[in-house]
Amino acid sequence: MSRITRFAARDPGPAARMAGFVAHLRSNGLRLGVGETQTALAALTHVSACDPRETRLALKAVCAANADEAARFDLLFDSYWCTDGRVREKAVPREDKADRKSTNTRDPQGENAGARGALHSPGDGPDRASADGDGTGKLIASGVENLMRKDMRQLVSPQDISAAEATARRLAAAFRDRRSRRRRTARKGDQIHFRRLIRQSLSTGGEPLTLPRKARPDRPVKIVALCDVSGSMTIYARVFLAFLSGLMRADDSTDAYLFHTRLVRISEALRDTDPMRVLNRLSLLAEGFGGGSKIGAALDQFARGPARRFVNGRSVVIILSDGYDTDPPEKLAKALARLRKRGCRIIWLNPLKG
Amino acid sequence: MQDWRALQKGMADHGYIAADDLAMAVHIALSLGRPLLLEGAAGVGKTEVARVLAALRDTMLIRLQCYEGLDAAQAIYERNYPRQLLAIRAASEAGETGKDVEARIFSDDYLLERPLLQAIRQPVAPVLLIDEIDRADEEFEAYLLEVLSEFQITIPELGTIRATTRPIVILTANGTRDLSDALRRRCIYAHVDYPEPAAELAILQIRAPEIEATLAAQIVGFVQALRREDLEKNPGIAEMLDFAAALAGLGVNDLIHDPMLLQAALGTLLKTQSDREAIPPEVAARLAGRAA
């Protein structure tokens, strides 16, 4: 086939090419290790490696690890092995994807700045004009004023924290436990622990004198909280943040994130023992606080990134948000569906619902 | 090497039409001795692969159905406690010494083999089907990983049992939760999709040869069209075969002429109330008409 990539003359051989291909897949987000390169080479010895079609199918079986990757594999295969006879450079052609990614992360920041600017101008303009008009105008204006400063110390006061923290601790204790499906020895249980019964009865000549039982123990669930701090949420953010810090203190395994137009992990900051220092650190982290909201994008980022490591079937994900989103709702639905697949329970606390 | 073509043909001879990528994945898994992970919607014939492989290799099929809370006692081994108790009582009547009794009641005779242990103790390599692995919880997945990589199981009283033969392991999942990367990495992966019309027609003809060619084509066209509708639960291959059997039982020769009977047979394809409502008789008739 003429479409097949022509490799450079000094190319060291098939093993190196395979390593290059695996690196190419890896740079495109497939999670492969050295073991896969070996497996791929071993797999090729079992098919006719000269036939591109067979090679493609064989490598697909080895390298793809889920439905999404299997669907993308053909394109990735083409872009490495079938580049219309062009000589292969050392650089992988799709590597520009990494570049795009980095601009992506930079992008929201740019939009942040834009969003902030937009928030300033109504606050500065018409609101100030109406402030010396009637009382209701003043109310709105003061709300906007808060946004403009974006100072976390103004948003959260120590009294609020202690009140919300107490509530949070109670709540956290209430939904922390989930009944495990496994059984272990317990004084009172619904099943007899036969394994132990036999062991104990040996000492009494086969007479089972005591009946050890087993029950399902409660196992703690892990709480992951995501708090929306976009412009529309500012008036609730203070309470929610206090609530979060209460949750964090109640349980070591809890994880917390802030999101507005992007996602920021605040677990370490919230665990700080000094409440005022917490706020200082938060102010630094929460750049873009009170800006626009991209719930869909933020949740998607969460579901693809941290959720992979921290969320499992024993997790409860709490989302604190009013649901005002600049992204299309489908994106949010997709992100939630993806998150749901991790097997966690999702609780959406919406302040607008009262 | 055309081994995988031969394998594909062998599977077809046993009544399973495998797509190219599935056949290749099975071939690679068999030749490398790695577990095969099959993923896909319910009713696309994932479990069937294991059955066919067992038939093809002429070995036993050992099946482990996973569910939440599955533990070692149900997956690996359990002692036959009632029998042990009886033996202890009998031994004390006969005046046997404690040591002998102990040696006896913890021997092999009092061990109930569960699928995993059973699979590695077979004289001929069996096919081990671990069905719906995504339903089991993560602790079990982690344990399974160990068994699948070493093929050995440790029982405290008997010591480590090494596999006499390496079973052919097939895992199926339908994506109720994501599997761990570690497990995925150990396996050869294939995504099983609903078959193409031609393949589905071939399946129908193998499984129900008594159905006429025109009706078979209509059935496949109708089911394929139904899958394109926005349904909660897409009809799988098993449902399609049920549908065909129902039509044959009702004596239908043509889907278009009998809207009443078509509606009656739809119960084999649409299994939820909302899906039934989504496909009223007119829509069904239209789909059937287009399929013809």
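Scope of the values below: all heavy atoms of this structure, side chains included, with no hydrogens, waters or symmetry mates. Reminder, nothing fancy here: chain letters follow the sequence lines and each chain counts from 1.
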Gap between atom CG of B:L32 and atom OG1 of A:T45 - 0.5 Å precision | 7.0 Å

Taking 4.0 angstrom as the limit, do A:R53 and B:D20 come out as a salt bridge?
-> yes

To the nearest 0.5 Å, tell me how far B:D21 CG sits from A:D74 CG.
-> 8.5 Å

Considering residues, nucleotides and ligands other than B:R79, do more than 12 of their heavy atoms fall under 6.0 Å from its CZ?
-> yes

Which of these passes salt bridge (charged side-chain N to carboxylate O under 4.0 Å, His left out) with A:E36: B:R185, B:R184, B:R186?
-> B:R185

Okay, A:A43 and chain B: the region with an atom under 4.5 Å from a heavy atom over there is both

Do A:V47 and B:H27 have side-chain heavy atoms sitting under 4.5 Å apart?
-> yes

In sequence, state the C-alpha distance, the side-chain angles, and the governing distance for B:R34 and A:T39, and then conclude on side-chain contact (heavy atoms from CB on, under 4.5 Å).
-> CA-CA 10 Å; B:R34 299 278 285 265; A:T39 317; 3.1 Å; yes

B:M24 and A:A58: which non-hydrogen atoms are nearest, and at how many Å?
-> CG-N, 3.5 Å

Tell me, for B:I188 versus chain A, whether the close heavy atoms (under 4.5 Å) come from the side chain, the backbone, both or neither.
-> both

Are there more than 12 heavy atoms of other residues, nucleotides or ligands under 6.0 Å from atom CD of B:E196?
-> no

Any idea which heavy atoms bring B:Y189 and A:A70 closest together, and the distance?
-> CE2-CB, 4.1 Å

Do B:W4 and A:L57 come close enough that some side-chain heavy atom pair is under 4.5 Å?
-> yes

To the nearest 0.5 angstrom, please state how far the CD atom of A:E54 sits from the CG atom of B:D3.
-> 9.0 Å

